[in-house]
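If you're wondering where the values come from, they're calculated on a predicted model, not measured in any experiment. Every chain is numbered from 1 and lettered A, B, ... according to where its sequence line falls, protein lines coming before strand lines.
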Amino acid sequence: MLERESTAGGTFLDRALLNPIEDTNRTFYYVVGALLLLFLVAVGMYAHQIWFGLGVTGMNQPMTWGFYIVNFVFFIGISHAGTLISAILRLSMAEWRRPITRMAEVITAIVLAIGGLHPIIDLGRPDRVMNVFTAGRLQSPLLWDVVSISAYFTASTVYLYIPLIPDIALLRDRGAKPQWLYAFLAWGWQGTPHQHKVLDRAINILMVMVIPIAVSVHTVISYIFSMTLQPGWHSTIFGPYFVVGAIFSGIGALLVVMIVFRKVFHFEAYLKEIHFAYLGNLLLLMSLLWFYFTFSEYLTGFFGHEPFEMKVFWYKFVGPYAPYFWAMVACNFFIPVVLLTFKKHHTIPKVLVSAIAVIIGMWLERLIIIVPTLANTHLADPVGIYIPSLVEWGLFLGGIVAFVLGFVLFSKFFPLISVWEIQEGRERSVKDVTERLQRYLPVHQQHA
Amino acid sequence: MTRWGMVIDLDKCTGCGACIIACKEENNVPYVSADEAGQGRALSWMTIVSEVVGEYPNVRGKYVPRLCMHCDNPPCTKVCPVRATYLSDEGIVAQIYPRCIGCRYCMAACPYTVKVFNWYEPEWTEGMDRVHNPDVSLRTKGVVEKCTFCHHRLQKAREKVRLEGRDFVDGEYTTACADVCPTKAIMFGNLEDPNSQVSHLARSTRAFRLLEDLGTEPKVYYLAEGEKNA
């Protein structure tokens, strides 16, 4: 056990994982500069919106919610990539998780922060946001969101940080700069057996805790909609439907991130085709599950043929939102199912295309859930029209830029693939798995 | 007990729109440019939903004045995260403008789409900016507003009633739209008072409420058209 911190055969095998930190190249600074510039543009647009009011968006009556709420649901959905997938993989003792969990957890922490800010961007009076705490009504589904998102954010940042400690200590010992940062964050890690025991226990507790919190987050986000009486929203299936969609889009985002950083930082030795094949299978499974939920949701609405429900239904199926609706079905179901079923050859390109399709498709789904219901009011009003403004597009882009920027900055300071877990896998996995396997196998009593 | 409510006789309504104007003047509801109004940003606490009914040659226009229904089971107050909208003891669904954070959840939840939002800082045309009703507070950009059943008139009437130590007389407290309606299609009063005009009409066989099956229990009653043909 004492040898766990040392390197196999005396040489450090995982230099490639620390390269982005120790040998930062010039491109990194250009990328960060460009992203910062784009981000500042988005900040400027938000300042413009604060100054003039929400009139600078494309929202109106009855289209009281638009891109901000769509993106809120979308980003929070993506955040389920992380913690949930990493927790489930750890819990099921999937050995192939080792190079994946870190990236998944980083996605969660960054995207959750971005998504959590979206309802505030959407406020008419952001200066009064503290009213939610001083005058909050716990009966309002929005308050449920505040509670569960802050719980999830706390849990998932801790869950990111705890398994990061041995790697921070490694960087501290290798003299990475700024030294004070690593010395502080390493929290006195020396790699003693006792510390490893405590770390393992902390991770075990967290991964169990994080799963119900993650499920609750997207469930209560769906409750924002399903608790109202509006056609297309008032549905009991929404909680699990949103959770499935969230995990679905989360895996998509995780795959894209893995493929991009594998290419950029040359992690080919760590992220192999088999990882993409396995995660691709998971994506395929979620795609089928997504279709099942979508089918149930719309068939129930159609069969009852309630007039208000049907207004929204036709608006999506053959009306102005038909192109988006059918694009969503193609992106979330047909493309991934076809590509991921036959992925023996060209696994990575096929997985990449499916993952991108799923991300687009899931964004469309959020749009399709929110806009058509608002556009078709109960009374004989003209059908609402929502055309997002430049500011809304700008802030959408700003959200994506913030995500990429956060990820790039993280990669500068911390390894994107857990070094100690890879080492641990190299040293122990084969033995552990062999032992575990032998316990599954039937025991044949030898009778002489 | 008091439950303020309204009855609108659709047989008497001509769709003239006087109620809309009276409401705007009474409650300091801001103007928006024609351009903005075309984009669905018109601020109006009272609107007239017009519908063409039937097929040629048997067509006719149908006008339904629509305002906040002051539901007894309001979907909007339930979702408000900060209690900036609530149901008062006398059945009025009220707004607290200085507390509203502008999340517009109440607007999304209202099945009658009667809540409006200040997309910009409110503006009035030259001259109109000097004749605000002093009894009604002005709103800022970024908050939701809607019909209050001219709540400020209730406050005034209540003062008087209390001073004179008596009960409300039917018609003593009424809204600006009811006041101005040239055909007296809009009537206002206490639904709990068995002798009031509104409680009498609300019990008539012609009375109905919008989207009654949603269970929101609106306190705005309509009298169905066609009495004269019956």
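Neither the backbone nor the side chain of A/F133 comes within contact range of chain B, judged by heavy atoms closer than 4.5 Å. Only the backbone of B/K78 comes within less than 4.5 Å of a heavy atom of chain A; no side-chain atom from C-beta onward does. Neither the backbone nor the side chain of A/I121 comes within contact range of chain B; no heavy atoms are under 4.5 Å apart. Of the atoms belonging to A/W144, not a single heavy atom falls under 4.5 Å from chain B. Interface remark: B/Q39 contributes backbone atoms only to the contact with chain A (heavy atom separation under 4.5 Å). With a threshold of 4.5 angstrom between heavy atoms, A/Y386 does not approach chain B through any atom at all.
No other option in B/A84, B/C110, B/S50, B/A108 has as many heavy-atom pairs under 4.5 Å with chain A as B/A108. Ranked by heavy-atom pairs under 4.5 Å with chain A, the first of B/R83, B/R99, B/E36 is B/R99. The choice from B/G142, B/G215, B/P75 that makes the most heavy-atom pairs within less than 4.5 Å of chain A is B/G142. Across B/V116, B/T216, B/V143, the residue that shares the most heavy-atom pairs under 4.5 angstrom with chain A is B/V116. Of the residues considered (A/V146, A/I387, A/I120, A/D381), A/D381 shows the highest number of contacts with chain B, using heavy-atom pairs under 4.5 Å. The choice from A/T134, A/N60, A/T373 that makes the most heavy-atom pairs within less than 4.5 Å of chain B is A/N60. The choice from A/L138, A/I224, A/T377 that makes the most heavy-atom pairs within less than 4.5 Å of chain B is A/I224. Taking chain A as the reference chain and counting heavy-atom pairs below 4.5 Å, the highest number among B/L211, B/V49, B/T47 is found for B/L211. Among B/R66, B/K115, B/E121, the residue making the largest number of heavy-atom pairs under 4.5 Å with chain A is B/R66.
Side chains of A/R125 and B/T140: a donor on one and an acceptor on the other come within 3.5 Å.
Side chain of B/R104 to backbone of A/M63: no donor-acceptor contact under 3.5 angstrom is found. With hydrogens and angles disregarded, a donor-acceptor distance shorter than 3.5 Å links the side chain of B/Y120 to the backbone of A/G55.
Across B/C103 and A/D122, no two heavy atoms sit closer than the pair O-OD2, 3.8 Å. Counting all heavy atoms, side chain and backbone alike, B/C80 lies closest to A/S140 at O-CB, 3.4 Å. Residue B/L214 comes nearest to A/H378 through the heavy atom pair CD1-NE2, 4.1 Å, listed as atom of the first residue, atom of the second, then distance.
Side-chain contact between B/Y105 and A/P141 is present, with at least one heavy-atom pair separated by less than 4.5 Å. At a threshold of 4.5 Å between non-hydrogen side-chain atoms, the residues A/L142 and B/V79 do not count as touching. No side-chain heavy atom of B/T113 sits under 4.5 Å from any side-chain heavy atom of A/T64.
No more than 12 heavy atoms of other residues, nucleotides or ligands shown are found within 6.0 angstrom of CD on B/E55. Within 6.0 Å of OH in A/Y324 there are 12 or fewer heavy atoms belonging to other residues, nucleotides or ligands. Residue B/L138 places its CG atom among more than 12 non-hydrogen atoms of other residues, nucleotides or ligands, all under 6.0 Å distant. No more than 12 heavy-atom neighbours from other residues, nucleotides or ligands sit within 6.0 angstrom of NZ on B/K62. Residue B/Y97 qualifies as enclosed at atom OH: its count of foreign heavy atoms under 6.0 Å is above 12.
Note that CD1 of B/I101 is 5.0 Å distant from CG of A/L123, once rounded to the nearest 0.5 Å. How far CH2 of B/W119 is from CD of A/Q61: 8.0 Å, rounded to the nearest 0.5 Å. How far CG of B/L210 is from CG of A/L379: 5.5 Å, rounded to the nearest 0.5 Å.
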